[in-house]
Amino acid sequence: MTSSPGTPARTRFAPSPTGRTHLGSGRTALYDFLLARQTGGQFILRIEDTDRKRLEPGAEEELINNLRWLGLEWDEGPDVGGPHSPYRQSERKDIYLHYAHQLIQMGRAYYCFCTQARLAQLRQEQMKRKEPTHYDGLCRRIDPGQAEQRVAAGEPHVIRFKVPEEGGITAHDHVRGDITVENRNIDDYILIKTDGLPVYHLAAMVDDHLMEITHVIRGSEWLPTFPLHVHIVRAFSWDEPVWVHLSVFLKPSGKGKMSKRDTAEAIKDGFSIYLSDLRKMGYLPEAVVNWSALMGWSYDDRTEFFTMPELVEKFSLERLNPSPAAINFSKLDHFNGLHMRRLEVPDLAARIKPYLMKAGYEVDDETLLRVTPLLQERIVTLDDAVAVGGFFFEREVTPNPEDLVGNHMTPAESAEAARRAYQILADLPEIDQETAEGPLRSLAEELGISAGQLFSILRTAVTGRNVSPPLFQTMAIIGKEIVLERLANAIELLENLNG
RNA sequence: GCCCCCAUCGUCUAGAGGCCCAGGACGUGGCCCUCUCAAGGCCAAAACAGGGGUUCGAAUCCCCUUGGGGGCACCA
């Protein structure tokens, strides 16, 4: 029933392809992956597509892309196959039917012929009487032989699980402990729909058993139907997996879960709960993994930085936290910075490149390689490279003339300072920190201004903005020719400004 | 309304009866470094929801209240 830390775990991530991949799904898949890798077991991807109405084209593909992006490779799945194929539930219809019929034979399930209209009305009446909304068991009382006849005659029907009328059940959640529920509070849930396809409650239990899943890791939205699932598993006398219900994610305020509107707000602020958005925004998969791993799980009282291999080593089911966690996007920024700074320069450069190109810059690798170290400690997301370092890849730069004026200086004084700096720089064989800084500092002194005043004029002239990476390193990369060109242009702007 | 779950700084969390007048991280404020912006370093403010028990002793165990969350589909 429970496996000791050493035994290989078989875990599964079982999403339904009904929409975009959510952060919460990513975290569940991550934990599945970590546990499997840590124990030398297998991580399985199973597509739960039994709801044909809610299916969204492309969702499965998006899902697969997102999981791969996070670095979560699965050992068995619809695309890679495996010993328990198929891994798409819509292709396993007969299997579920077989087990549903077995349940009927055992007296643990029954055919139900109630129409959806009757069920809706029933629910409404129960609500009005402030009673729990449950199936009233009408078809439970039909003679099984008679029911078989009606089914044979082609009457539309579903199959319902027969929950015992008396007693209760104790289900064990690994995170929360025992959860005991009275049977009368558990509905006779539908197992097989009129279309012959199963509902999650049956399909997941059957597949988890057949696929020899040892740990079911899923969201806590399954807690209410958890006792039902245990009933089903026990009805078949199957071994129970370790049940692990993860906490839900709340919106950043901690009040309620992310609504459509909250999601839109987040995107406006440069955040999102969708994996593909996060990727587009320039977050590193390493950071998303590190960040989401820590929502609902902790290692100790001080360690927070983890790489994937470290997580594989340190992850533990025992340190899962049952309480809901509010999403903290600023912490994602923090982790993104940490992981970014840890990357080798060529690696970071390769990741930045697509963002620069998408912004329309022509990027030559040699320059990029020299620019990247300057960007590395300044950008929060890969996309920031465009705003912070775009000017490295432009021929011309267009500073705001006002910004060229030095602090507490007149345009004329600024122009003169720029002219003097131009002469100094023009006489240098090449411009870099060693050759340029000393002479320019002396110039500032001679002009009776601070180095900061002079540098800010040059910065704006050379980069087109008043905030940039360190001046001399920046000029070294840009090169003498273009630096002088931009400086000349700035001097002209200042002279015109003077009027 | 009914069922279930949860409850430590604004947020993520450490804490499994004395090590805690509660530790770390993000964020915030200040200082240092400094050619701007960052990065980095240092410091600060900031929490055991409330009430009853149990105990020599409770953030830690029990109960109640309150608050929050999830679910109540021929969706997952």
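Below, chains carry the letters A, B, ... as their sequence lines are ordered, and counting in each starts from 1.
- B:rC32 sits 27 Å from B:rG23 when the P atoms are compared, rounded to a whole Å.
- Whole-Å rounding puts the A:Asn290 CG to B:rC12 P distance at 17 Å.
- Ring-plane geometry between A:His101 and A:Tyr111 is classed as tilted, the angle between the planes lying from 30 to 60 degrees on a 0 to 90 degree scale.
- Note on A:Asp262 versus A:Lys257: no salt bridge recorded, every NZ/NE/NH1/NH2 to OD/OE distance being 4.0 Å or above.
- Residues satisfying the side-chain hydrogen bond (donor to acceptor under 3.5 Å, both in side chains) criterion with A:Gln124, sequence neighbours excluded, are absent altogether.
- Across all strands shown, A:Val158 has heavy atoms under 4.0 Å from base atoms, whether or not it also approaches the sugar-phosphate.
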Salt bridge (Lys or Arg N to Asp or Glu O under 4.0 Å) evaluation trace for A:Arg46 with A:Glu48
CA-CA 6 Å; A:Arg46 184 174 74 218; A:Glu48 311 222 324; 2.8 Å; yes

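- Taking the P atoms as reference points, B:rC62 lies 16 Å from B:rA16, given to the whole Å.
- Put simply, NZ on A:Lys251 is 14 Å from P on B:rC12, counting in whole angstrom units.
- Taking the side-chain hydrogen bond (donor to acceptor under 3.5 Å, both in side chains) definition, one finds that A:Tyr31 meets it with nothing, sequence neighbours left out.
- Between the P atom of B:rU36 and the CZ atom of A:Arg378 lies a distance of 11 Å, rounded to the nearest Å.
- OP1 or OP2 of B:rC35 lies within a sub-4.0 Å distance of a side-chain N or O belonging to A:Arg441.
- Within 4.0 Å of A:Pro227, counting heavy atoms only, lies no atom of the nucleic acid at all.
- Residues forming a side-chain hydrogen bond (donor to acceptor under 3.5 Å, both in side chains) with A:Tyr274 (at least two apart in sequence, or on another chain): none.
- A heavy atom lying under 4.0 Å from RNA chain B marks none of the residues of residues 90-98 of chain A.
- Aromatic rings from A:Phe315 and A:Trp297 are positioned such that their centres are separated by under 6.0 Å.
- Pair assignment for B:rC42: B:rG30, on the basis of Watson-Crick or G-U wobble contacts that are both within less than 3.5 Å.
- A:His22 and A:Phe249 have their aromatic ring centers separated by at least 6.0 angstrom.
- Heavy-atom distances under 4.0 Å link RNA chain B to A:Phe455, A:Arg459 of residues 448-464 of chain A, given in residue order.
- Nucleic acid contact class of A:Gly256 (heavy atoms, under 4.0 Å, all strands): sugar-phosphate only.
- Taking atom CG of residue A:Asp301 and atom P of nucleotide B:rA22, one finds them 16 Å apart after rounding to whole Å.
- For A:Tyr283 and A:Trp291, the ring centers sit 6.0 Å or farther from each other.
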Show every donor-acceptor pair shorter than 3.5 Å between a side-chain atom in residues 156-167 of chain A and any protein atom, with sequence neighbours excluded, or say none if there are none.
{"from": "A:His157", "atom 1": "ND1", "to": "A:Glu155", "atom 2": "O", "distance (Å)": "3.0"}
{"from": "A:Arg160", "atom 1": "NH1", "to": "A:Asp188", "atom 2": "O", "distance (Å)": "2.7"}

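- Remark: A:Glu48, A:Thr50, A:Asp51, A:Lys53, A:Arg54 in residues 48-63 of chain A come within less than 4.0 Å of RNA chain B through at least one heavy atom.
- For A:Arg319, a side-chain nitrogen or oxygen approaches OP1 or OP2 of B:rG15 to under 4.0 Å.
- Partners of A:Arg419 by side chain to side chain contact (heavy atoms under 4.5 Å, CB included), not counting sequence neighbours, listed by chain and number: A:Ala415, A:Glu416, A:Ile491, A:Glu495.
- The distance between atom CG of A:Leu294 and atom P of B:rU11, rounded to the nearest whole Å, is 17 Å.
- Between B:rC31 and B:rC37, the distance separating the two P atoms is 13 Å to the nearest Å.
- Position along RNA chain B of the nearest nucleotide to A:Trp222 versus A:His334 favours A:His334 as the more 5'-ward residue.
- Where A:Ser247 and A:Thr115 meet RNA chain B, the nucleotide closest to each residue was compared, and A:Ser247 sits on the side nearer the 5' end.
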Close N/O contacts between protein and nucleotides 43-48 of chain B (under 3.5 Å):
none

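- Using a 4.0 Å cut-off between a side-chain N of Lys or Arg and a carboxylate O of Asp or Glu, A:Lys251 and A:Glu265 do not qualify as a salt bridge.
- Within residues 190-206 of chain A, the residues that have a heavy atom under 4.0 Å from RNA chain B are, in order of number, A:Ile190, A:Lys193, A:Thr194, A:Pro198, A:Val199, A:Tyr200, A:His201.
- Atom NZ of A:Lys331 and atom C1' of B:rG24 are 8 Å apart (whole Å).
- For the pair A:Arg123 and B:rC72, the criterion of a side-chain N or O lying under 4.0 Å from OP1 or OP2 is not met.
- In this structure, A:Arg341 reaches the sugar-phosphate backbone alone: every heavy-atom distance under 4.0 Å involves primed, P, OP1 or OP2 atoms, never a base.
- Partners of A:Ser456 by side-chain hydrogen bond (donor to acceptor under 3.5 Å, both in side chains), not counting sequence neighbours: none found.
- Across all strands shown, A:Lys257 has heavy atoms under 4.0 Å from sugar-phosphate atoms exclusively, and none from any base.
- The residues A:Arg27 and A:Asp32 are annotated as not salt-bridged, no charged nitrogen and carboxylate oxygen being separated by less than 4.0 angstrom.
- Across all strands shown, B:rA49 pairs with B:rU65; the Watson-Crick or G-U wobble distances both stay below 3.5 Å.
- Rounded to a whole angstrom, the distance from the P atom of B:rA76 to that of B:rU65 is 36 Å.
- In this entry B:rC20 has no Watson-Crick or G-U wobble partner, no candidate having both defining distances under 3.5 Å.
- Here B:rU11 sits opposite B:rA25 as a Watson-Crick or G-U wobble pair (both hydrogen-bonding atom distances under 3.5 Å).
- Here B:rC74 presents its P atom at 12 Å from CZ of A:Arg118, a figure rounded to the nearest Å.
- Look at the P atom in both B:rC20 and B:rU55: the space between them is 26 Å, to the nearest Å.
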Using nucleotides 2-10 of chain B, report all nitrogen or oxygen pairs with the protein that are shorter than 3.5 Å.
{"from": "B:rC5", "atom 1": "O2'", "to": "A:Arg176", "atom 2": "NH1", "distance (Å)": "3.3"}

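- Separating the CZ atom of A:Phe329 from the P atom of B:rU11 is a distance of 16 Å, rounded to the nearest angstrom.
- Nucleotides B:rG51 and B:rU66 are separated by 10 Å at their C1' atoms, to the nearest Å.
- In this structure, of B:rC12, B:rG71, B:rU13, it is B:rC12 that holds the atom nearest to the side chain of A:Ala326.
- The aromatic rings of A:His229 and A:Trp243 lie parallel to each other, their planes meeting at an angle below 30°, with 60° marking the opposite boundary.
- The structure places CD of A:Glu240 at 15.0 Å from CD1 of A:Ile213, a figure rounded to the nearest 0.5 Å.
- Of the candidates A:Leu425, A:Ile477, A:Leu440, A:Ile431 forms a side chain to side chain contact (heavy atoms under 4.5 Å, CB included) with just one, namely A:Leu425.
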